[in-house]
Amino acid sequence: MMALLNCTLCIAGNIITDRTITLWHADGNKVTEHLERTDADSTTFLIDAKDAIAVDLTDAEPIMVKDTVVGTWLKKHSTYQLTVSSNPNCIYFVSEHAHNYEELEGLNVVKGSCARQLTLTDGHPYYTPRDITADVITYARIFNKGVTKKQGGGWQTMVLPFSPQSVSVAGSGSKTWFKQADDDADFWVYRFTSSTATTIDFDYTTRMESNTPYVVGVPDGTWGETNSLEGATLIFAAENVTLQAEEHPVTVKSAYYHFVGTFAGADQLTNAYMLDTDGARFVAGSGSVSAFRAWFVGASGAQHATSLLMNLADDTATRIGSQRADSTTGSQWFTLQGTTAKSGHRGICIQREKKVIR
């Protein structure tokens, strides 16, 4: 697990003792990258962090970031070279007394325990081994597929290490999600509430809590061009946020199924219920999920199905921009997703704008 580098370096007559460079990787291990000279006579030392998810540089200052050519500093006639991580969510811890780290702007730098801004990129692992206070934190998600009017689908799962205080789309301003049925809102966020052997139930949420999984959907073009967010990048943001060390998403439990999230991504899942490619239902099987996503697992001892129907709160998913779906008119019965309720369907159904439990 934890491996620390303790060594004595003789540099131009100066003795540097007990240098410790710690790197954390996505698999949860802490490892040591040995400081190596670039050649036998050089006073330049290499730190290779290209596979790291977090890096402790507080005892190896100053540094020079190579490849990205961010900056160079000298101390005691020595130079450190850092190969930055390929993971854009990697966090770099530096001393609170460090100088000139403004040159590292654009990376997730934590000075002491404080960060001016942390930027999380979707699909890449996130982890912090220490508590962090961030002035600003953002997370961006591209919604390549939207929710289709009267047909459903297009849903995504989401779990974040912070509670968003605002949501926006670059170039088109702030956005809000439905917090109740008669809201004038732009997209949907639902929390998991309960389940049966074949269904999973979701309700409105007034707040996206940190470390808690949700299902999220944006309208596609069937709701009107001005309402569509399909293909848009939604930016979830918050200010003055504290991120707890080694914190993981909570598991939201119910009688039949549990909702499980991940910040690092999960490979080789078995006996898991993951969203299908249409984003319409959760299907049992094996596979993997990306970072900031969630899936369901069956509760021990409960009866389980091969796929799970999503029951969404009320009929919010049939309105965007005050447009009512025409699926609630006529004599037919419809599900909350706007699809025709087939014979034998159980759950909340809609006919002529009235909801009935069948």
D56/K30 ion pair, N-O < 4.0 Å: no
Lys/Arg-Asp/Glu bridge criterion (N-O < 4.0 Å) met for D135, R116: no
Interatomic distance, S210 atom OG to L160 atom CG [nearest 0.5 angstrom]: 9.0 Å
Heavy-atom pair of closest approach, residues N108 and P88: ND2-O, 3.5 Å
Path from F178 to W223 over hydrophobic side-chain contacts below 4.5 Å: yes
Sidechain-backbone polar pair: N227 side chain, L229 backbone, donor-acceptor under 3.5 Å: no
Shortest non-hydrogen separation from Q156 to K145 and the atoms involved: NE2-O, 4.4 Å
Closest approach of V169 to A232 (non-hydrogen atoms, all atoms of both residues): CG1-CB, 4.2 Å
E96 (side chain) donor-acceptor with G112 (main chain) under 3.5 angstrom: no
Distance-minimising heavy-atom pair for A280 and D276: N-OD1, 2.9 Å
ILVMFWY network linking W24 to L243, side-chain heavy atoms under 4.5 angstrom: no
Under the salt bridge (charged side-chain N to carboxylate O under 4.0 Å, His left out) test, residues paired with R191 that sit two or more places apart: D203
Aromatic plane relationship, Y257 with H304 - under 30° parallel, 30 to 60° tilted, over 60° perpendicular: tilted
Nearest atoms (heavy-atom pairs only) where F282 meets A294: CE2-O, 4.4 Å
Intermediate values then yes/no, side chain to side chain contact (heavy atoms under 4.5 Å, CB included), N311 and I200: CA-CA 6 Å; N311 277 338; I200 45 179; over 6 Å; no
Step-by-step side chain to side chain contact (heavy atoms under 4.5 Å, CB included) determination, S113 to I132: CA-CA 5 Å; S113 62; I132 297 173; over 6 Å; no
F263 and F292 aromatic ring geometry - parallel, tilted or perpendicular at 30°/60° bounds: tilted
Charged tip of K175 within 45° of W177 ring normal and under 6.0 Å: no
Non-neighbouring partners of S172 that pass side-chain hydrogen bond (donor to acceptor under 3.5 Å, both in side chains), sequence neighbours left out: none
ILVMFWY cluster, V260 and M158 together (side-chain gap under 4.5 Å): no
Derivation of the side chain to side chain contact (heavy atoms under 4.5 Å, CB included) call for H258 and F296: CA-CA 5 Å; H258 303 334; F296 280 92; 5.9 Å; no
Pairwise distance CG(L120) to CD1(I235) - rounded to 0.5 angstrom: 12.5 Å
Hphob cluster co-occupancy, V159 + V189, side-chain heavy atoms under 4.5 angstrom: yes
Close aromatic pair by centroid cut-off 6.0 Å: F202 and Y214: no
NZ/K179: more than 12 non-hydrogen atoms of other groups inside 6.0 Å: yes
Over all atoms of both residues, closest heavy-atom pair of L269 and M274: CD1-SD, 4.1 Å
Worked verdict on Y190 versus W155 for side chain to side chain contact (heavy atoms under 4.5 Å, CB included): CA-CA 10 Å; Y190 289 121; W155 298 99; 3.6 Å; yes
D201 versus S194, side-chain donor and acceptor atoms under 3.5 Å: yes
Same apolar cluster: L57 and Y127, side chain cutoff 4.5 Å: no
Y204 backbone acceptor or donor facing Q180 side chain under 3.5 Å: no
